[in-house]
Number of protein chains: 2
Amino acid sequence: MSNYQNNKALAEMFKALSNPHRLVLFHRLMTCCAPGTKCNADVAIKFCVSELGEGLNIAASTLSHHLKALHQARLIHMERNGKNVECWVEPDVLKELSTFFNQS
Amino acid sequence: MSNYQNNKALAEMFKALSNPHRLVLFHRLMTCCAPGTKCNADVAIKFCVSELGEGLNIAASTLSHHLKALHQARLIHMERNGKNVECWVEPDVLKELSTFFNQS
DNA sequence: ACTACACTTCGAAACATGTCGAATTATCAA
DNA sequence: TTGATAATTCGACATGTTTCGAAGTGTAGT
């Protein structure tokens, strides 16, 4: 985290994860593999926006706003597929964040 | 991150790290060992409040406010020692955060 | 007791965030 | 082309954050 840009980018990731609703959304995308197995699949499981929001009891506009925030922080990817927009997490970002807290 | 309390506590940690100034402060405390060596010392290096704020160009009251936020999020420890207040990071919290992003 | 130093609390100002409903855009199917 | 479904943008409001200087608290030395 030596340079300023990196610090700013990291702070923006943490800001995106600082809201309980967004943290749930990210966690749903993050735990892409079967429980107990190591996540090393090349193809991440994708969720569409409305699927992700299930059980959260927030308006669709709020959900969209939160996912945009996660996307702008470069934590998740989003891609339109027909009527839906699919969201997923690339393993790279998990590795980056994991090693940040694990560094010497 | 299955239960609600854990989610809330994690979100509060990320909120504390979401401010660039606080992230710098935390990082200074976190990188307690010599560069390139694994941090496995039992005794964390401690900094007093004013030392931590060096070069950040923020008012003492702002610095105090930020450290309080890190402390309330359970990211850092604080203890008065004479005129100074010493701050440090316990390795446990780094491990917790590292494994969160590394989980299956 | 007085002073100096380190830090915290308070009050205020500017700014950012979370949330909603309504309106808008995008896509597909009939 | 019309309608249905999925998602986003907009405007508004309440609430929270960042920051400062001023004032207050705690500790050590004179």
Side-chain angles (χ1 to χ4, degrees), chain A residues 4 7-29 44-89, chain B residues 4 7-29 44-89:
Chain A
Y4 175 71
N7 177 60
K8 212 177 142 190
L10 254 179
E12 271 166 27
M13 285 187 183
F14 293 135
K15 179 178 285 180
L17 296 175
S18 73
N19 176 277
H21 283 152
R22 282 197 299 266
L23 186 53
V24 167
L25 294 169
F26 181 75
H27 193 258
R28 283 183 181 175
L29 290 173
I45 287 182
K46 299 179 180 184
F47 287 86
C48 74
V49 172
S50 52
E51 278 174 334
L52 275 172
E54 273 173 24
L56 249 52
N57 292 319
I58 53 175
S61 55
T62 306
L63 176 59
S64 186
H65 166 76
H66 282 321
L67 289 170
K68 189 180 176 186
L70 287 167
H71 182 242
Q72 285 181 336
R74 301 180 168 276
L75 284 167
I76 68 170
H77 290 253
M78 301 180 83
E79 198 171 64
R80 183 169 277 277
N81 184 1
K83 278 192 289 189
N84 300 311
V85 169
E86 292 179 333
C87 307
W88 72 98
V89 171
Chain B
Y4 176 71
N7 177 61
K8 211 176 143 190
L10 255 179
E12 270 165 28
M13 286 188 182
F14 293 135
K15 179 179 283 180
L17 297 174
S18 74
N19 176 277
H21 283 153
R22 282 197 299 267
L23 186 53
V24 167
L25 294 168
F26 181 76
H27 194 258
R28 283 183 181 176
L29 290 173
I45 286 181
K46 299 180 181 183
F47 288 85
C48 74
V49 172
S50 53
E51 278 175 333
L52 275 172
E54 272 172 25
L56 249 52
N57 292 319
I58 53 175
S61 54
T62 307
L63 177 60
S64 187
H65 167 76
H66 281 322
L67 289 170
K68 189 180 176 186
L70 286 167
H71 182 242
Q72 285 181 334
R74 301 182 169 276
L75 284 167
I76 69 171
H77 289 252
M78 302 180 82
E79 197 171 64
R80 182 170 276 276
N81 184 2
K83 275 194 289 189
N84 301 312
V85 170
E86 291 179 334
C87 307
W88 72 97
V89 171

Do [X] side-chain atoms and [Y] backbone N/O form a donor-acceptor pair below 3.5 Å?
| X | Y | value |
| --- | --- | --- |
| A/Ser64 | A/Ser61 | no |
| A/Asn19 | A/His21 | yes |
| B/Arg22 | B/Lys15 | yes |
| B/Arg74 | B/Ile76 | no |

Contact interval (first through last nucleotide) of DNA chain C with protein chain A, 4.0 Å heavy-atom: C/dT17 to C/dC28
side-chain contact (heavy atoms from CB on, under 4.5 Å) between B/Leu63 and B/Leu25, intermediate numbers included: CA-CA 9 Å; B/Leu63 177 60; B/Leu25 294 168; 3.8 Å; yes
Nearest-Å distance for atom pair CG/P, residues B/Leu23 and D/dT18: 13 Å
Integer-rounded Å distance: D/dT19 C1' and B/Arg22 CZ: 12 Å
Beyond-backbone contact of B/Leu67 with B/Leu70, side-chain heavy atoms, under 4.5 angstrom: yes
Verdict with reasoning, A/Ile58 to A/His66, per side-chain contact (heavy atoms from CB on, under 4.5 Å): CA-CA 10 Å; A/Ile58 53 175; A/His66 282 321; 4.1 Å; yes
Sugar-phosphate, base or nothing in reach of A/His65, heavy atoms under 4.0 Å: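 Base contact.
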Nearest non-hydrogen partners of B/Val49 and B/Cys87, listed with the distance: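 Nearest heavy atoms, B/Val49 then B/Cys87: CG2-SG, 4.2 Å.
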Where A/Ala16 and A/Ala69 come nearest, the two heavy atoms and their spacing: CB-O, 4.0 Å
Criterion side-chain contact (heavy atoms from CB on, under 4.5 Å) against A/Arg28, the qualifying member of A/Leu23, A/Leu56, A/Ile45: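 That would be A/Leu56.
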Near-strand residues of residues 47-63 of chain B, defined as heavy-atom separation under 4.0 angstrom from DNA chain C: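 Result for residues 47-63 of chain B: B/Cys48, B/Val49, B/Ser50, B/Ala60, B/Ser61, sorted by number.
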Neighbours of DNA chain C within residues 70-88 of chain A, by heavy-atom distance under 4.0 Å: A/Arg80, A/Gly82, A/Lys83
Interface with DNA chain D, restricted to residues 12-21 of chain B and to heavy atoms under 4.0 Å: B/Lys15, B/Asn19, B/His21
OP1 or OP2 of D/dT9 under 4.0 Å from side-chain N/O of A/Lys68: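 Result: yes.
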Nearest-0.5 Å distance, CG of residue B/Leu29 to CD of residue B/Glu86: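 Atom-to-atom, B/Leu29:CG and B/Glu86:CD are 11.5 Å apart.
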Residues which pass side-chain contact (heavy atoms from CB on, under 4.5 Å) with B/His65, listed by chain and number, not counting sequence neighbours: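 Partners of B/His65 by the side-chain contact (heavy atoms from CB on, under 4.5 Å) criterion come out as none, since no residue qualifies.
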ring-ring contact (aromatic ring centres under 6.0 Å, His included) partners for A/His71, two or more places apart: none
